[in-house]
Structures are given as structure tokens and as C-alpha cells.
Amino acid sequence: MRNPIRVAVVCGTRPDAIKMAPVVRALRQHERFEVRLIATGQHREMLDQVLRLFGLRPDADLNIMTAHQTLTEITLRALEGLDRLLRESPVDVVLAQGDTTTTFVAALAAFYHKIPFGHVEAGLRTYDKYQPFPEEMNRRLTAPIAEFHFAPTETARRNLLQEHIPAERIWVTGNTGIDAVLWVANQPYEADDPMLQRALAHTGRLILLTTHRRENWGAPMANIARAARTLLDRFDDLILLLPMHRNPRVRETLLEILGDHPRALLTEPLDYAPFVHAMRRADLILTDSGGVQEEAPAFGKPILVLRSTTERPEGVEAGAAKLVGTDTERIVAEATRLLTDPDAYAQMARAVNPYGDGHAAERIRDILWQERLR
Ligand code: UD1
Ligand code: UDP
């Protein structure tokens, strides 16, 4: 009888936890895998919220987060901690997802220990080094290290092939984020947060806004907030639900411009389940988030992407998302069109799901099993 396959799953931020939770669960359903969940703690509250929801407790937690942390600090602290953990408790494979600094560092630490690395959500690209920053380079630096490339879509697979990643090391699995969102959407749910209750009970229209990207800090984010304020003033049945990222740089700007508007509901980051229900209730979603771009189309919600480029072109190609950048007038014009032109709205509000079918994590598990590492 073979030894179990020892897998270290590394997560650090909110989206890492959301996208790796289904993988941890799928691996744990299979007796041949021994799973060690490692949290870098790049995020604290926002990571813990998700782990709690999925009933996951890290086997090790590096707890690295500090207020105003720099990319270098995250990299150094996570690398040192992961290096120690992999030395003390060797594993057969390390897995992490997407484009966060935790993920890039997990790949690097695995490489230094000559442990195969599996990249979940591999192959997303804008081919613009600084957009998104530093995520585009986190992904690109992770790719040559990885032994397993779990691409969510055909487009992602083609990107990897173009970079000379061998075809036999790429598997199109769908995105595990869709596994997570469908699971959460099917759980019974009752809103207990008063702000969210107000949003969900509102009889007029609801815009859901999230923004946190580094390249939007400062002036672009102020433009976004001003656009939201203009829309609230233009449509008096409208309310804005804005769960604010915990980054102080993000909050400062949003609170200054929208904090006193009676129809702007500025909240703490919502737990994942309430956030999913807010997406389903929303009439329109404005976001610079990667994950939200994948999730919103599944619920048939028109989505305006507050960025000039995206590594998730499938939603745009399907007509569910539109890239609008961060110019105030452009955002106001595009949102106004959707709020006043039922045909334009209906054209975008067709539920499509180009990112996955909800079974990506099982595929990843089965691939790892078939490829049996030893
Ligand atoms: C990180 C990821 C980004 C991802 C985002 C998801 C990197 C470099 N960036 O960006 O790709 O889109 O997470 O949200 O990996 N903070 C808290 N509590 C928390 C989380 C954050 O207080 O639970 C505050 C801290 O002051 C921290 C700051 O937010 O210093 C920024 O966090 P950081 O992980 O550096 O950047 P994000 O913008 O969150
Ligand atoms: N999300 C959440 N609560 C919020 C805002 C977002 O649970 O208040 C979820 C969202 O559904 C998505 C993920 O967080 O799955 C996206 O994370 P984020 O936007 O922070 O990072 P990105 O995807 O841009 O890396």
C-alpha cells in the first residue's frame, strides 16, 4: 500500500481562502491525501472570516500581517515562515491559488525545497507588468516554477502554452471560486447585520461597489467614489452598498467622499455568505475585484469593471461585464445607461458562467491522484 500524498495548501488573503477551501475539502474527502493547511496570515480578519465559514482551521499560521505592510515585508516574512515549515514538516506537493504575494512566495519556498508546486487558477494574464500590480508578475513568476498548472479556462491554457509551459502539465479545470460561490449560494441564509438587512429589504435599486486594487489607490479611487455619489444624487430610489476593504488607504478615500451620504451604506467587509447574497440582490455591480468579476456573471448581474485592463476577458466577451476604467464621467455614463435603458440592462443581465461549473476542486484532486507523486 502506498503512503498517503502529503499536500500543503497555502493561503493568506481572503480570495486565497475562498478559492482553496473547496480544494482542501475535496482532498480531505479522499483518504489517500494528508492535507496540511498553512495560513501566512497576509490578511487577518478577512482571512479568518472565510476560514470560519468553511469550517477550516489552519494547521500552521504565520500571522504575518501588519498595518500598512509593504510587498517586501509580506514576501520576506512569508518566505522565512514557509521555509521553516517545509523544512520541519516536509510534504509531497504544495498548492496555492492565483496571484497574491502569498501564492508567489509559496511557489518560491516549494522550489527552494524541490517540492512540486501546483498552481490553482493558473494562466491569467494581462501582459501588462503593472496592471494589476503586483498580481500580474506574481502569476507570471509562479508559472515557470509550477509542475501542475490548473487553468480555469481555455484562454488561460492558451496563455500558458504561449509561454512554453508543456501541454501535458496544463489541465483546464474551471475556477474553484465557482465551486465556492455555488456552495455558499445554496446554503440557507438569514441576514443579521442591520446595514445588510436594510440593503436587502430596500425596494428601490441597489448598486454594490467594491474597490481595493493598489493601482486604484488615491486619485482613481476618489474618482470611483465621486461617480458613486453622482449616481446616488441622480437616482433617488438608489442605494449604494459598499463593504470596505480593511486597508486604511482604501477607507480614507471612500469615507471622505461617501461617508456622509444618507443612501451610501459603508460597511465592514462582509462575510462571504452575506456578500454572495448582496450580489444576488444587487441590480448593478461596480468592482475592481478579480473574484467578483468571476462570480457576478453566474448570478446574471451586470458588472462594470473599474480597471483599464482585465485578465478575466471571458466575462467581457460573454457580454456580462464591461471594462470602464476609473474616469468619473465614464463610470457615471455607463451606469446611467444601465439604470435607464432596459434593453441595455437586459443584454448584460444574462446569466453566463464562463469560469467554471462548480466541480473544479474535484478535478484538481483527481488529477493529483492520477499523477501520483510517488
Ligand atoms: C491583497 C492581494 C491582492 C488581493 C487582495 C484581496 C497581494 C500583494 N495583494 O491585497 O492581490 O486582490 O489581497 O483582498 O498579495 N488589512 C487588515 N485586515 C485584513 C486584511 C487587510 O487590516 O484582514 C489591511 C492591513 O492594514 C494591510 C492592508 O490591509 O496592511 C493591505 O493588505 P495587503 O494584503 O498588503 O494588500 P491587499 O490590498 O489586501
Ligand atoms: N468578498 C467578500 N466580502 C466582501 C467583498 C468581497 O466575501 O465584503 C468576496 C468576493 O465574493 C470574492 C472575493 O471576496 O469571492 C474577492 O476578494 P477581493 O475582491 O478582496 O480580491 P480579488 O479577487 O480582487 O483578488
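Just so it is clear, the structure is predicted and the values come from calculations on it, not from any experiment. Atoms within a ligand are numbered from 1 in the order they appear, just like the ligands themselves.
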query = Hey, are Asp357 and Arg363 close enough for a salt bridge, meaning a charged N less than 4.0 Å from a carboxylate O?
reply = yes
inquiry  = Show me, by chain and number, every protein residue that has a heavy-atom distance under 4.0 Å to ligand 1.
reply    = Thr13, Pro15, Gln42, His43, Arg44, Glu45, Met46, Met65, Thr66, Ala67, His68, Gln69, Leu71, Ile74, Thr100, Thr101, Pro134, Glu135, His212, Arg213, Arg214, His245, Arg246, Asn247, Pro248
request  = Check which hydrophobic residues are tied to Ile170 through side-chain heavy-atom contacts below 4.5 Å, counting indirect links as well, and list them.
outcome  = Leu160, Leu161, Ile165
request  = State if Arg213 counts as touching ligand 2 under the rule of any non-hydrogen atom under 4.0 Å.
outcome  = yes
message = List ligand 2 atoms under 4.0 Å from Pro243, heavy atoms only on the residue side.
response = 8 (O)
task = Just jot down the ligand 2 atoms closer than 4.0 angstrom to any heavy atom of Gly290, in number order.
result = 22 (P), 23 (O), 24 (O)
message = Thr210 versus ligand 2: do any nitrogen or oxygen atoms come within less than 3.5 Å of each other?
response = no
message = I need the contact type for His212 against ligand 2. Using non-hydrogen atoms and a strict under-4.0 Å cut-off, is it side chain, backbone, both or neither?
response = side chain
task = Check the side chains of Asp288 and Asn216 for a donor-acceptor pair under 3.5 angstrom, ignoring hydrogens and angles.
result = yes
note = Per-atom filter on ligand 2: closer than 4.0 angstrom to a heavy atom of Leu270 are 2 (C), 3 (N), 4 (C), 7 (O), 8 (O)
key: Atoms of ligand 2, numbered as shown, that sit under 4.0 Å from any heavy atom of Gly291   = 22 (P), 23 (O)
ask   = Which of the atoms of ligand 2 are close to Pro269, meaning less than 4.0 Å from one of its heavy atoms?
value = 8 (O)
inquiry  = Taking salt bridge (Lys or Arg N to Asp or Glu O under 4.0 Å) as the definition, give me every residue that meets it alongside Arg25, ordered by chain and number, with sequence neighbours left out.
reply    = none
Ser308 and Gln131: side chain donor to acceptor below 3.5 Å = yes
message = Looking only at the side chains, is there a donor atom on one of Thr287 and Thr210 sitting less than 3.5 Å from an acceptor on the other?
response = yes
ask   = Counting each atom of ligand 2 from 1 as listed, which ones have a heavy atom of Ile18 under 4.0 Å away?
value = 9 (C), 13 (C), 14 (O), 15 (O)
ask   = Does Asp327 come within less than 4.0 Å of Arg226, counting only side-chain N to carboxylate O?
value = no
query = Applying the side chain to side chain contact (heavy atoms under 4.5 Å, CB included) test to Pro243, which of Leu196, Leu266, Leu208 qualifies?
reply = Leu208
key: Close approach of Pro15 to ligand 2, heavy atoms, under 4.0 angstrom   = yes
ask   = Within the structure, does Arg14 bring an N/O atom to less than 3.5 angstrom of an N/O atom in ligand 2?
value = yes
request  = For ligand 2, indicate whether the residue Tyr272 contacts it via side chain, backbone, both or neither (heavy-atom separation under 4.0 Å).
outcome  = both
query = In terms of residue, atom name and distance, what is the protein heavy atom nearest to atom 1 (N) of ligand 2?
reply = Phe275 CD2, 3.6 Å
Carboxylate-amine/guanidinium contact Arg139 Glu135, below 4.0 Å = no
inquiry  = If hydrophobic clusters are built by linking Ile, Leu, Val, Met, Phe, Trp and Tyr wherever their side-chain heavy atoms come under 4.5 Å apart, do Met65 and Leu47 end up in the same one?
reply    = no
note = A student checking ligand 2 against Ser289 at a 4.0 Å heavy-atom cut-off should list atoms 16 (C), 18 (P), 19 (O), 22 (P), 23 (O), 24 (O)
Electrostatic pair Arg44-Asp48, nearest N-O below 4.0 angstrom = yes
ask   = Below 3.5 angstrom, do we get any N/O pair linking Glu295 and ligand 2?
value = yes
Under-4.0 Å salt bridge between Asp283 and Arg281 = yes
message = Among residues at least two apart in sequence or on other chains, which ones pass salt bridge (Lys or Arg N to Asp or Glu O under 4.0 Å) with Glu121?
response = Lys19, Arg312
